[in-house]
Amino acid sequence: MPELPEVEVVRRGLERWVRGRTITAVEVRHPRAIRRHHAGPADFADRLVGRAFGPAHRRGKYLWLPVESTGTSVLGHLGMSGQLLVQPEKAPDEKHLRIRIRFADAPPSAPEAAGTELRFVDQRTFGGLSLHAQVPGEADGLPDAIAHIARDPLDPAFDDAAFHEALRRRRTTVKRALLDQSLISGVGNIYADEALWRAKLHYDRPTATMTRPRSAELLDHVREVMAEALAVGGTSFDSLYVNVNGESGYFARSLDAYGREDEPCRRCGTPIRRRPWMNRSSYYCPRCQRPPVRRTLPAPR
DNA sequence: CGCCCTACCTGGTTGC
DNA sequence: TGCAACCAGGTAGGGC
């Protein structure tokens, strides 16, 4: 389940192995992988062949590569099981290979990439690639399709004070807010549960009860857990999430809450609980993360 | 507009 | 053994 740290690992791989390369061929093997590109697979290929990729960028769980001198960018989302792999052209096709992009050359920064191609592989087909106009005035070639996605907590331009004020205005609960990509991007179910465990906050706490220090603390924990995961290559439960070279990260062994039902809380020893939540699961320590007391919400300021 | 819910998709696991 | 139900979950879009 790729969230911000896993997507950043992939972005770094694209930056090293794909940036600057000129595209010679695009093969779309499954139409669903390109469904966000409304003009269709042939148009997608036509607009890319003969062009070169610019630097790799990321916002939250989205990543993109500007297509030089076109005013467009290729946008990618890994969904739940998507992989962007740099493979030798002669390597056998993966079972769930959806899109193949071939290049004329290796990037000047990585001559050893000669003879490799970029593959989008995705078992569950929630992810995909598409091509979009760039938002005018944004230096990094931000695709217009994700202009509504909030900046992520590792972005220097993320506005902590505005995030706190948004929490205070909302009539929702804290985990819902963490997963709302228009408030803060890059946080998914795993890192939400991990940050809430670290912050000793229950997932159902109303956001309107968050004080400025509590919001600041929560953001600190989100940033800390993501930075730690990034440092070890991200979280992998199996071979589904990998970097562009097919390697898994090591953060799964460092998780404190997610996936640890009935295992002792690493702070107090109480068994971690799993609760059905929004058609998925929330993992939390019933002692460290006390459920909110039900009472009338305070009036908005 | 704010908030909430559902559909989308595949393969591994569980239960009968 | 076979088959159905369940589980993983990010996002767009629709209902109210």
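Because the structure is predicted, anything quoted here is derived from the model rather than measured. Chain A is the first sequence line, chain B the second, and so forth, proteins listed ahead of strands; every chain is numbered from 1.
- For A/W277 and C/dA8, the CH2 to C1' distance is 15 Å, given to the nearest whole Å.
- At least one side-chain heavy atom of A/L219 sits less than 4.5 Å from a side-chain heavy atom of A/I184.
- Put simply, CG on A/N189 is 14 Å from C1' on C/dT11, counting in whole angstrom units.
- Between A/M80 atom CE and C/dA8 atom C1' the separation is 4 Å, expressed in whole Å.
- Taking the 5' to 3' direction, DNA chain B first and last meets chain A under 4.0 angstrom from a heavy atom at B/dC3 to B/dG11.
- Listed by chain and number, the residues in a side chain to side chain donor-acceptor pair (under 3.5 Å) with A/R223 are A/D160 (sequence neighbours excluded).
- Across all strands, A/H148 comes closer than 4.0 Å only to sugar-phosphate atoms, never to a base (heavy-atom distances).
- In summary, of the residues considered (A/D204, A/T207, A/N189), a side chain to side chain donor-acceptor pair (under 3.5 Å) with A/K175 occurs for A/N189 alone.
- Nearest-nucleotide mapping onto DNA chain C: of A/R35 and A/H38, the residue sitting toward the 5' end is A/R35.
- Candidate nucleotides C/dA8, C/dA12, C/dG10 were compared by shortest atom distance to the side chain of A/E3, and C/dG10 ranks first.
- Between A/S281 and C/dC7, a side-chain N or O to OP1/OP2 separation shorter than 4.0 Å is absent.
- Residues meeting the ring pair (Phe, Tyr, Trp, His ring centres under 6.0 Å) test with A/Y283, sequence neighbours left out: A/Y258.
- Among residue pairs with one or both ends in residues 80-121 of chain A, none qualify as ring pair (Phe, Tyr, Trp, His ring centres under 6.0 Å); sequence neighbours excluded.
- The distance from atom CG of A/L178 to atom C1' of C/dT11 is 17 Å, rounded to the nearest whole Å.
- Residues A/T70 and A/R47 fail the side-chain proximity criterion, which asks for heavy atoms closer than 4.5 Å.
- Rounded to whole angstrom, the span from the CG atom of A/L183 across to the P atom of C/dG10 amounts to 16 Å.
- Distance, A/M278 CE to C/dG10 C1': 10 Å, rounded to whole Å.
- Hydrophobic cluster membership differs between A/Y62 and A/L154, with clusters built from Ile, Leu, Val, Met, Phe, Trp and Tyr side chains linked at under 4.5 angstrom.
- Toward the 5' end of DNA chain B, the nearer of the two residues A/N279 and A/R98, judged by each one's closest nucleotide, is A/N279.
- Between A/H77 and C/dT11 there is a side-chain N or O to OP1 or OP2 distance below 4.0 Å.
- Direction of the helix axis in the helix from B/dG2-C/dC16 to B/dC16-C/dG2 shifts by 60° between the two five-pair termini, rounded to 10°.
- Contact annotation: A/Q181 does not reach the phosphate of C/dG10 (side-chain N/O to OP1 or OP2, under 4.0 Å).
- Atom OH of A/Y258 is separated from atom C1' of C/dA8 by 6 Å (rounded to the nearest Å).
- In terms of polar N and O atoms assigned as donor or acceptor, the side chain of A/R280 comes within less than 3.5 Å of the base of C/dG10 in a complementary pairing.
- By the side chain to side chain donor-acceptor pair (under 3.5 Å) test, A/R16 is found to be paired with A/E112, residues two or more places apart in sequence or in another chain being considered.
- Counting to the nearest Å, the P atom of C/dG13 and the CD1 atom of A/I149 are 12 Å from each other.
- No more than 12 heavy atoms of other residues, nucleotides or ligands sit less than 6.0 Å from atom CZ of A/R287.
- Between A/S73 and A/L65, every side-chain heavy-atom pair lies at or beyond the 4.5 Å cut-off.
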